[in-house]
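Input: a single structure, listed below in structure tokens.
When a residue number appears, it is its place in the shown sequence, counting from 1. Here the structure is a predicted model, which is why all the values come from computation and not from measurement.
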Amino acid sequence: MLPIIQSFCIVLMGLFIILVSTPTPLSAKNQPIGFKIIGNSNSITIPIETHNNLILLPVKINNSININFILDTGARTTILTEPVLSEFMHIENTRTTLVRGLGQGKEIEAQVATGLTMSIPGIVGHNLNMLILPEGILSFSEIFGKPVYGIIGNELFKQFVVEINYDKEYITLTKPNKYKPKRKMQAFPLEIIQGKPYIKMKINNYAKELKEAKLLIDTGATQGLSIFNPALDIPHPDNNIPAYLGRGLSGDIYGQLARVSKIHIGNFTLNKVITSYPDSSSLQINVKEIKCDGNIGAEVLRRFLVVIDYHGKRLFLKKNNNYKKRFTYNASGLEIAASGLDYHTYTITQVRPGSPADKAGLKVNDEVLRIGNLSNVVISLGQIYGFFNQKEGKKIKLLIKRGTQKMKKKLILEYEI
């Protein structure tokens, strides 16, 4: 039986995109602006895929082809990460803008397309905008091991009350004036700033001091918790590991991985939450610019039935079957990217120093041909990471290719925090 994936170590940190120069808006067509439910229903339920706790939706732009987008409350703007696809979308109106985000890079020149039609099963939107990133800035497909070409967020959340059921893999979109909360759901006030939802909650840090934090609710971030504000304290040097945390809009993100003692969301308390602390060079954006102390990601959110109501400025939570599960992380120290026509070519992109993978002699650019008894032809990237989230002491056998030489390697999982 294959191991079940709990979480990738790779962290989509939430892009925190800031427009450095604002494009001049183009005149709208003679159509309503924004998404609407097709027909007369007050709500619609849409099946979703979840990978690494992130939600994938099929989106069609200008009646072209369906492509997978990540549903992301951390995205104020809809984003296309593969510009070559714009050729098939009949995009006519574009303007140039500068953007920046998390990562160790500079501002990026991107295109803003306007006046677009977008459709998701059961809903359609008109006169919408989309940011088109240059080639090679972000590749979600190599992280997911399947085609994923963009992000959509605020355009949906500002139109509907959105219920996310991680257990049963669906979202329900309801007209704001027709939504009625389910029984036993706990409500929390939200602050909506520039199309993004923020909540205040309390954290017990490594010293068990109770501190209040303002956090972005980020369905597009894989980790449970990220802390950006050093005033909330970094973890004790003996209780953290240096880690590659993922990739933001402006480049790679590095920092520390640790556990906070507890987080408190109203009456809910979660223990020993895996938390990332990006370093200052990765954070180039000032904390005041991103308007929060950090974010709550999908590894926390997936433990609840989640309802996000921008209009009523409310968050509703109800425990699900994942609530009491232990927070785990990728104990191997490996990061792997998928490539090739079928995304079954697996290449090691990061090896954490001192990790089980490092001790086993694995190196960046090694190609993984087999893990356990499964070859790269049949195993998915999610299943590979599932092996790395097993219990401490588990032995993982790999067959790798380094240059022209094939090698057998064995690593033993170790949880360092």
Flag if over 12 foreign heavy atoms under 6.0 Å of [atom1], [X]:
X: Lys200; atom1: NZ; answer: no
X: Asp342; atom1: CG; answer: yes
X: Asn177; atom1: CG; answer: yes
X: Lys211; atom1: NZ; answer: yes

Between [X] and [Y], is there a donor-acceptor pair closer than 3.5 Å when you use the side chain of the first and the backbone of the second?
X: Glu191; Y: Tyr198; result: no
X: Thr97; Y: Ala110; result: no
X: Ser276; Y: Leu245; result: no
X: Asn165; Y: Leu305; result: no
X: Thr275; Y: Val273; result: yes
X: Thr114; Y: Asn129; result: no
X: His311; Y: Lys158; result: yes
X: Thr96; Y: Gln111; result: no
X: Asn376; Y: Tyr346; result: no
X: Gln159; Y: Phe35; result: yes

Residues Val300, Leu270; criterion side chain to side chain contact (heavy atoms under 4.5 Å, CB included); working and verdict: CA-CA 8 Å; Val300 165; Leu270 297 170; 3.8 Å; yes
Are [X] and [Y] in a cation-pi contact, defined as NZ or CZ under 6.0 Å from the six-membered ring centre and within 45° of the axis?
X: Arg303; Y: Tyr166; answer: no
X: Lys272; Y: Phe327; answer: no
X: Arg370; Y: Phe387; answer: no

Within this structure, what is the [atom1]-[atom2] distance for the pair [X] and [Y], rounded to the nearest 0.5 Å?
X: Ile217; Y: Ile296; atom1: CD1; atom2: CD1; value: 6.0 Å
X: Tyr385; Y: Ser380; atom1: OH; atom2: OG; value: 11.5 Å
X: Leu85; Y: Leu80; atom1: CG; atom2: CG; value: 5.5 Å
X: Ile164; Y: Ile171; atom1: CD1; atom2: CD1; value: 7.0 Å
X: Ile132; Y: Met130; atom1: CD1; atom2: CE; value: 4.5 Å
X: His90; Y: Thr117; atom1: NE2; atom2: OG1; value: 11.5 Å

Test item: side-chain donor near acceptor, [X] and [Y], under 3.5 Å:
X: Thr45; Y: Thr172; value: yes
X: Gln223; Y: Asn295; value: yes
X: Lys325; Y: Asn322; value: yes
X: Ser64; Y: Asn62; value: no
X: Asn204; Y: His264; value: yes
X: Tyr254; Y: Asp279; value: no
X: Lys262; Y: Asn271; value: yes

Taking all non-hydrogen atoms of both residues into account, name the closest pair between [X] and [Y] and its distance.
X: Leu116; Y: Ile61; result: CD1-CG2, 4.3 Å
X: Tyr415; Y: Gln390; result: OH-O, 2.9 Å
X: Leu215; Y: Asp293; result: CD2-C, 4.1 Å
X: Leu54; Y: Thr219; result: CD2-O, 3.3 Å
X: Lys202; Y: Leu210; result: CB-CD1, 3.8 Å
X: Ile336; Y: Ile384; result: CD1-CG2, 3.8 Å

Sole candidate of Leu131, Asn154, Ile151 that passes side chain to side chain contact (heavy atoms under 4.5 Å, CB included) when paired with Thr77: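 The single option meeting the side chain to side chain contact (heavy atoms under 4.5 Å, CB included) with Thr77 is Leu131.
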Leu334, Ile348, Thr347, Thr349 screened by side chain to side chain contact (heavy atoms under 4.5 Å, CB included) with Asp366, the one that passes: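 Between Asp366 and the candidates, side chain to side chain contact (heavy atoms under 4.5 Å, CB included) is satisfied uniquely by Ile348.
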Electrostatic pair Glu335-Arg352, nearest N-O below 4.0 angstrom: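 Answer for the salt bridge query: no.
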salt_bridge(Arg314, Asp309) N-O dist < 4.0 Å: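 Looking at Arg314 and Asp309, the cut-off is met.
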Which residues share a side chain to side chain donor-acceptor pair (under 3.5 Å) with Glu109, sequence neighbours left out: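 Here no residue qualifies.
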Salt bridge (Lys or Arg N to Asp or Glu O under 4.0 Å) partners for Lys146, two or more places apart: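 Residues passing salt bridge (Lys or Arg N to Asp or Glu O under 4.0 Å) with Lys146: Glu49.
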Thr94 vs Val112, side chain to side chain contact (heavy atoms under 4.5 Å, CB included): CA-CA, chis, key distance, verdict: CA-CA 5 Å; Thr94 62; Val112 175; over 6 Å; no
Answer yes or no: is there a side-chain heavy-atom contact under 4.5 Å between [X] and [Y]?
X: Asp72; Y: Asp218; answer: yes
X: Ile48; Y: Leu57; answer: yes
X: Ile55; Y: Glu169; answer: no
X: Leu317; Y: Phe188; answer: yes
X: Leu133; Y: Leu138; answer: yes
X: Ser332; Y: Leu413; answer: yes
X: Pro356; Y: Ile412; answer: no
X: Lys318; Y: Lys182; answer: no

From Asn53, Thr222, Thr328, residue fulfilling side chain to side chain donor-acceptor pair (under 3.5 Å) relative to Glu299: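 The option that passes is Asn53.
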CA sep, side-chain torsions, deciding dist, call: Glu163, Thr174, side chain to side chain donor-acceptor pair (under 3.5 Å): CA-CA 8 Å; Glu163 176 183 308; Thr174 304; over 6 Å; no
Ring center gap for Phe144 and Tyr343 short of 6.0 angstrom: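 Phe144 vs Tyr343: aromatic centres not under 6.0 Å.
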Ring centres under 6.0 angstrom apart (Phe304, Phe316):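 Between Phe316 and Phe304, which both carry aromatic rings, the centre distance is not below 6.0 Å.
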Residues Ser339, Thr345; criterion side chain to side chain donor-acceptor pair (under 3.5 Å); working and verdict: CA-CA 5 Å; Ser339 60; Thr345 298; 4.6 Å; no
